[in-house]
Amino acid sequence: MQKPSIPKGTRDFTPGEMANRNYIFSTIKDVFRLYGFQQIETPAMENLSTLMGKYGEEGDKLLFKILNSGDFIGGVTEIELSERNSVKLTSKISEKGLRYDLTVPFARFVVQNRDKISFPFKRYQIQPVWRADRPQKGRYREFYQCDVDVVGSDSLLNEVELIQIVDEVYRRLNIRVVLKLNNRKILSGIAEIIGEAEKITDITVAIDKLDKIGLEKVNEEIASKGITEEAIARLQPILKLSGSNSDKLEQLKEVLKDSKTGMKGIEEMETILGLCDAMQVATPVELDLTLARGLNYYTGAIFEVKALDVQIGSITGGGRYDNLTGVFGLEGVSGVGISFGADRIYDVLNQLQLYPETSLEQTRILFVTFGWNELKYSLNWAAHLRTEGFNVEVYPEPAKMKKQMSYADGKQIPYVAIVGENEMNENKVMLKDMKSGEQRLVTLEELTKAIS
RNA sequence: GUGGUUAUAGCUCAGUUGGUUAGAGCGUCGGAUUGUGGUUCCGAAGGUCGCGGGUUCGAGCCCCGUUUUCCACCCCA
């Protein structure tokens with residue numbers, strides 16, 4: 001007999017775990033709806049041509065590819081096989097892949113369904129994504145993203161609205177967070193000012209590690225990318241920025257005054273921060289230049305949310321992308337969006353034990369019986385109670401009392417209706433409150449009242 | 001993809017320098033208790049020690065390979 005197992009980086013969820021996960025999903029969904037976002041779904045698999053090249057070279061490697069059906073090796077020549085070039089061979093034997101995120105499929109969706117949607121289009125999407133990553137803490141190969149995006153509107157109000165959503169979701173979930181904010185235009189301005197505009201990616205990736213590896217190592221890494229000493233020297237004041245958001249912006253204005261792009265970024269940042277103040281966003285919003293991660297397509301604001309009380313990667317992230325649909329042939333549509341990492345939020349909630357107590361209770365009352373006649377009798381009562389909106393179960397066989405009662409206990413069902421001959425004759429049931437242990441003989445009407 | 005780490009009952013874990021028939025707690029099932037769960041007592045089922053190979057008279061323990069777990073790097077939710 002074989003021992004069953006599941007692929008690495010994937011997980012099963014028990015009913016208890018699902019109750020907790022659904023609490024997260026419904027909280028997030030409720031807030032999304034509060035701002036008028038509408039739900040869409042896209043297929044788990046996309047054509048590889050849609051996915052490839054959208055996440056950089058690293059991303060392509062992390063895509064799960066689906067083997068073509070049937071004789072997938074048939075069209076491959078001996079020469080191609082003997083070359084042993086996996087990348088080349090992949091395109092011959094696989095044309096579909098599992099989605100890597102929700103943003104690219106969404107871009108595809110917008111382009112393909114442009115006749116059915118009007119801008120600004122506000123959608124949310126809660127679905128699993130897959131990455132062929134090596135699993136570790138807070139990192140899975142299958143995990144859920146909860147995306148909200150607005151496309152077809154340049155207004156910075158959209159950024160602010162997303163921040164309000166973050167604020168509200170984490171307020172409802174009772175998680176203390178900080179929202180880090182950066183702007184790609186400011187980063188571009190920095191690269192421009194130090195005279196290394198083409199090296200912006202190398203520079204930002206290195207800056208991103210400032211917290212982790214320290215100033216010296218960052219400088220080493222930048223130098224190793226072939227950036228001149230002079231440029232590195234000019235970068236130093238930026239790396240050492242400190243003080244409040246407005247302090248930092250003042251210092252940046254001085255440094256970036258000759259960069260049109262950089263100044264535009266600062267202006268955007270000031271607008272967003274100003275509006276957050278005006279909207280009384282409770283979550284601390286922090287200008288953080290080291291927040292440089294991000295997919296290649298961010299062009300304006302970049303967001304990241306970190307939990308304050310649990311050490312885990314970011315639990316929400318996103319940003320503005322000016323031309324995401326461009327690769328699919330629809331130019332000039334700007335979008336901004338964020339993604340809540342449901343599985344990391346789940347880990348945070350587990351660690352902090354922040355679930356509401358009621359989230360386990362599903363069934364309100366269980367009917368426990370002594371014989372098949374009593375069972376039949378109970379089915380009628382149950383049917384009636386269900387029309388009243390109660391979640392009701394009838395134990396499917398007249399098993400031993402202990403067995404039936406243990407079942408109620410295990411599922412934490414708060415009420416049990418015990419039905420024997422005496423109860424049937426009186427047209428009543430014995431209602432037991434499982435918490436207090438008290439029980440009394442009641443009519444259907446009294447029962448309805450007692451368990452509401 | 002790189003480096004380290006882990007794997008023993010459904011779960012959490014013991015298991016001595018390599019030595020007979022691999023243990024515990026929890027859970028499950030049965031009984032004490034034929035109209036009463038959560039407490040208690042008794043009992044039972046359940047393991048090719050991740051898998052494959054090697055060393056040895058003898059391997060859960062040592063060696064090699066492989067898969068898996070967790071951690072760090074790369075990257076990311």
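So you know, we letter chains A, B, ... as the sequences are listed, proteins then strands, and number each from 1.
- The residue A/E423 sits close to a base: some heavy atom pair falls under 4.0 Å.
- Mapping A/G313 and A/K400 onto RNA chain B via the closest heavy atom, the residue that lands nearer the 5' end is A/K400.
- Nucleic acid contact for A/G437: base, since at least one base atom lies under 4.0 Å from a heavy atom of the residue.
- Listed nucleotides: B/C74, B/A77, B/G35. Nearest to the side chain of A/S314: B/A77.
- Contact check on A/R440 versus A/E446 returns no salt bridge, with no Lys/Arg side-chain nitrogen under 4.0 Å from an Asp/Glu carboxylate oxygen.
- A/N422 comes within contact range of at least one nucleobase, with a heavy-atom separation under 4.0 Å.
- The CZ-C1' distance, from A/F340 to B/A77, rounds to 12 Å in whole Å.
- With C1' as the reference atom, B/U17 and B/C13 are 23 Å apart, rounded to whole Å.
- Comparing B/C51 with B/A9, their P atoms are spaced 10 Å from each other, to the whole Å.
- Side-chain N/O atoms of A/K8 and base N/O atoms of B/U68 include no donor-acceptor pair closer than 3.5 Å.
- For the C1' atoms, the distance linking B/G54 with B/G47 amounts to 24 Å, nearest Å.
- Across all strands, A/S339 comes closer than 4.0 Å to no nucleic acid atom at all (heavy-atom distances).
- Along RNA chain B, the nucleotide closest to A/R141 and the one closest to A/T10 are compared, and the more 5′ of them pairs with A/T10.
- Using a 4.5 Å cut-off on side-chain heavy atoms (C-beta onward), A/I418 and A/V429 make no contact.
- Side-chain contact between A/I165 and A/F32: present, with at least one pair of heavy atoms (C-beta onward) separated by less than 4.5 Å.
- Rounded to whole Å, the P atom of B/C11 lies 22 Å from the corresponding atom of B/U16.
- At the heavy-atom level, A/Y140 lies under 4.0 Å from base atoms of the strands shown.
- Spacing between atom CD of A/E304 and atom C1' of B/C75 amounts to 13 Å, rounded to whole angstrom units.
- A donor-acceptor contact under 3.5 Å is formed by the side chain of A/K432 with the base of B/G37.
- Spacing between B/U67 and B/A24 at atom C1', rounded to whole Å, works out to 29 Å.
- Rounded to whole Å, the separation between the P atoms of B/U69 and B/A7 comes to 14 Å.
- With P as the reference atom, B/U8 and B/C62 are 15 Å apart, rounded to whole Å.
- With distances taken from any side-chain atom of A/R139 to the nucleotides B/G31, B/C76, B/A72, the minimum falls on B/C76.
- Distances were taken from every side-chain heavy atom of A/Q136 (C-beta onward) to each of B/G37, B/A72, B/C75; the shortest belongs to B/A72.
- No contact: A/G59 has no heavy atom under 4.0 Å from any strand.
- Salt bridge annotation for A/E46-A/K96: absent, with no cationic side-chain nitrogen under 4.0 angstrom from a carboxylate oxygen.
- At least one side-chain heavy atom of A/L447 sits under 4.5 Å from a side-chain heavy atom of A/L385.
- Across the protein-nucleic acid pair, A/L291 atom CG and B/C75 atom P stand 14 Å apart, rounded to whole Å.
- Among the atoms of the strands shown, base atoms are found under 4.0 Å from some heavy atom of A/I418.
- Between A/E159 and A/R320 a salt bridge is recorded (basic side-chain N to carboxylate O distance below 4.0 Å).
- Side chain of A/K402, nearest nucleotide from B/A32, B/C75, B/U36: B/A32.
- By the 4.0 Å N-to-carboxylate-O rule, A/E168 lies close enough to A/R172 to be salt-bridged with it.
- A salt bridge is defined here as a Lys NZ or Arg NE, NH1 or NH2 lying under 4.0 Å from an Asp or Glu carboxylate O, and A/D343 with A/R11 meets this definition.
- To the nearest angstrom, C1' of B/C76 lies 13 Å from OH of A/Y55.
- Side-chain N/O atoms of A/R134 and base N/O atoms of B/U2 include a donor-acceptor pair closer than 3.5 Å.
- Between the side chain of A/D409 and the base of B/G38 there is no donor-acceptor pair of N/O atoms closer than 3.5 Å.
- Where stacking is scored as ring centres under 5.5 Å apart with planes under 30°, A/F370 does not register as stacked on the base of B/G35.
- Of the candidates B/C71, B/G37, B/C29, B/C29 carries the atom nearest the A/K403 side chain, counting heavy atoms from C-beta on.
- At a threshold of 4.0 angstrom between heavy atoms, the contacts of A/G9 are confined to the sugar-phosphate backbone, with no base atom among them.
- As rounded to the nearest Å, B/U6 and B/A77 have C1' atoms that lie 26 Å from one another.
- Contact annotation: side chain of A/Q404 to base of B/U36, donor-acceptor pair absent below 3.5 Å.
- In this structure, A/K54 atom NZ and B/C75 atom C1' are separated by 19 Å, rounded to whole Å.
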